Amino acid sequence: MIRIRKQRILVARATKFTLAACGLAAGYLLGHALALQLAERWLEQYSQLTTMQNDASFVEGRSLLGVLQDSHYSFCSEAEIEYFRELVFRSEYLKDAGRIHDGRIECSATAGHTMRSMEQFNPKSTQQDGTIAYGNLVPIRDANLKRAGLQLGTAYVVFGSHLPASAGPFPMLVSSTMKDSALKHSERPASGKPHGTEVDPTTDGTERLGDMLYATRCSTLHSSCVTAFTSVSEALRGESSIIAGCTVVGGLSGILLGMAFSFIYDRSRDLSQQLRWAISRGDLHLVYQPIVNLNTRRIVGAEVLARWNDEEGNPVSPDVFIKIAEEQGYV
């Protein structure tokens, strides 16, 4: 009897522990998957915001090129340079503007009169209207900073390097690529993890390669594409609350399932169920109680009595199990 009881207790405890552990594991895995999905959404949002800002920069830069081309001032005169400075100051996205002649930068809003060869600057693409896009055009006074720029005729503009504020709970890096060029321009250093060459940076979409997540969005106005990326470990750290929450919920769900199982298990072992199974197995047994004639002291008959022991071997009173059998319709 003691052995059977111990077995029942061990089964109940082992089941509770197993269900709780499975709930924790399932919750963690679910949280891990949700965290990565959220990270991809953050990257998509950041690449989209950056692309929208690049498009706005391009529209402003292209518009300003037309204004520069139509300047009524003398070519690279002091008045024209002052005019360029005013335009750049009022601009939201531009860092510099100036004139190009015979393959040289003749004047600049940031440096005034200057002579700088354009040979060091590599054009990335040329639009149908003749606008030339650069990825490494630099302001004269920031010679070590590579920035994007546009040229139309003798006028050129250089964009600033401002990016949208990070839109997620983890650090995100961004890289821009021209569709018709293998050259790539990184807006931020990748902290020892450069933009992977396995990823196609000219196709919209999200992708995971190894320990890196990528989201690419291409402009509809020009041939530039933006890829936002981060490491899986950074993303998981940033979304740790999601993982912790799902793990806790999974663990609690496992505990509740274990308690439900224990209740059902105990219920299945109550006297009613045990009696039904005992009847189906023929475990009830009969005993005969003699009937004695008191005058002759001879046995004249016998009374047949049903007896039953539960699964733990304990005898159950006939008043108890007969009443149960009658109430449950076993007889």
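What's counted below: heavy atoms across the whole structure, side chains too, no hydrogens, waters or symmetry copies. Fair warning: this is a prediction, and the values are worked out from it, not measured in the lab.
- For the 3.5 Å distance criterion, the side chains of R99 and T154 qualify, holding a donor opposite an acceptor.
- The main-chain N or O of A109 is found under 3.5 Å from a side-chain atom of D96 such that the two form a donor-acceptor pair.
- Distance check, rounded to the nearest 0.5 Å: CZ of R116 to CD1 of I100 gives 11.5 Å.
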Candidate pair L150 and Y134, rule side chain to side chain contact (heavy atoms under 4.5 Å, CB included), full reasoning = CA-CA 6 Å; L150 298 175; Y134 294 87; over 6 Å; no
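- The nearest pair of heavy atoms linking A215 to E44 is CB-N, 3.6 Å.
- A pairwise comparison of heavy atoms in D319 and K323 identifies O-CB, 3.3 Å as the closest pair.
- A 6.0 Å sphere centred on CZ of R90 holds no more than 12 heavy atoms belonging to other residues, nucleotides or ligands.
- With values rounded to the nearest 0.5 angstrom, L252 atom CG is found 11.0 Å from T247 atom OG1.
- One finds a salt bridge joining R104 and E106 here, because a Lys/Arg side-chain nitrogen approaches an Asp/Glu carboxylate oxygen to under 4.0 Å.
- For F159 and Y93, the gap between ring centers reaches or exceeds 6.0 Å.
- In this structure, the side chains of I105 and T114 come closer than 4.5 Å at one or more pairs of heavy atoms.
- The local environment of NE2 in H113 is crowded, with over 12 non-hydrogen atoms from other residues, nucleotides or ligands closer than 6.0 Å.
- The minimum heavy-atom distance between N309 and H285, with the atom names listed, is ND2-CE1, 4.5 Å.
- Within the 4.5 Å cutoff, the side chain of V67 has heavy atoms near those of the Y83 side chain.
- Counting heavy atoms from C-beta outward, R307 and P315 have side chains that stay 4.5 Å or more apart.
- In this structure the side chain of E60 reaches within 4.5 angstrom of the side chain of S91, judged on heavy atoms.
- Side-chain heavy atoms closer than 4.5 Å link hydrophobic residues (I, L, V, M, F, W, Y) into clusters, and following such links, even through other members, never connects V59 to V88.
- No continuous path of ILVMFWY side-chain contacts below 4.5 Å connects V248 to L34, so the two sit in separate hydrophobic clusters.
- When every heavy atom of G31 is checked against every heavy atom of I242, the shortest pair comes out as O-CG2, 4.2 Å.
- Rounded to the nearest 0.5 Å, atoms CG (L87) and OG (S71) are 8.5 Å apart.
- Atom OG of residue S57 and atom CZ of residue R62 lie 15.0 Å apart, to the nearest 0.5 angstrom.
- Neither side chain, Y288 nor E303, offers a donor N or O lying under 3.5 Å from an acceptor on the other.
- In this structure, CG on L43 lies 10.0 Å from CZ on F229, to the nearest 0.5 angstrom.
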Report the C-alpha distance between H32 and L236 in whole Å, list the side-chain angles of each, state the deciding distance to 0.1 Å, and finish with yes or no for side chain to side chain contact (heavy atoms under 4.5 Å, CB included).
-> CA-CA 7 Å; H32 189 277; L236 294 180; 3.4 Å; yes
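- Side-chain contact between I255 and L19 is absent, with no heavy-atom pair separated by less than 4.5 Å.
- For the pair Y28 and L30, the minimum side-chain heavy-atom distance is 4.5 Å or more.
- Of the candidates E80, E86, E82, E80 is the only one forming a side-chain contact (heavy atoms from CB on, under 4.5 Å) with F84.
- Between I243 atom CD1 and E239 atom CD the span is 8.0 Å, to the nearest 0.5 Å.
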N54 and S219: side chain to side chain contact (heavy atoms under 4.5 Å, CB included), yes or no, with the steps?
-> CA-CA 8 Å; N54 286 350; S219 171; over 6 Å; no
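- The two residues L24 and G251 have their closest heavy-atom pair at CD2-CA, 3.5 Å.
- Minimum heavy-atom separation, L213 to A235: CD1-CB, 4.2 Å.
- Residues L36 and Y46 are members of one and the same hydrophobic cluster, defined by side-chain heavy-atom contacts under 4.5 angstrom among Ile, Leu, Val, Met, Phe, Trp and Tyr.
- You'll find the side chain of W42 reaches within 4.5 Å of the side chain of P169, heavy atoms only.
- Side-chain contact check for T216 and D204: no donor-acceptor pair (N or O, by modelled atom type) lies under 3.5 Å.
- With a 4.5 Å cut-off on side-chain heavy atoms, H101 and F75 count as touching.
- Side-chain contact annotation: Q151 with T131, donor-acceptor N/O pair under 3.5 Å absent.
- The local environment of CG in L286 is crowded, with over 12 non-hydrogen atoms from other residues, nucleotides or ligands closer than 6.0 Å.
- One hydrophobic cluster, built from ILVMFWY side chains closer than 4.5 Å, cannot hold both I81 and L64; they sit in different ones.
- The backbone N or O of S77 sits nowhere less than 3.5 Å from a side-chain atom of S74 that would complete a donor-acceptor pair.
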After noting the C-alpha distance and the side-chain angles of Q48 and M52, does the key distance pass the side chain to side chain contact (heavy atoms under 4.5 Å, CB included) rule?
-> CA-CA 6 Å; Q48 182 178 8; M52 291 172 61; 4.1 Å; yes
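- A continuous path of ILVMFWY side-chain contacts below 4.5 Å connects F58 to L68, so both sit in one hydrophobic cluster.
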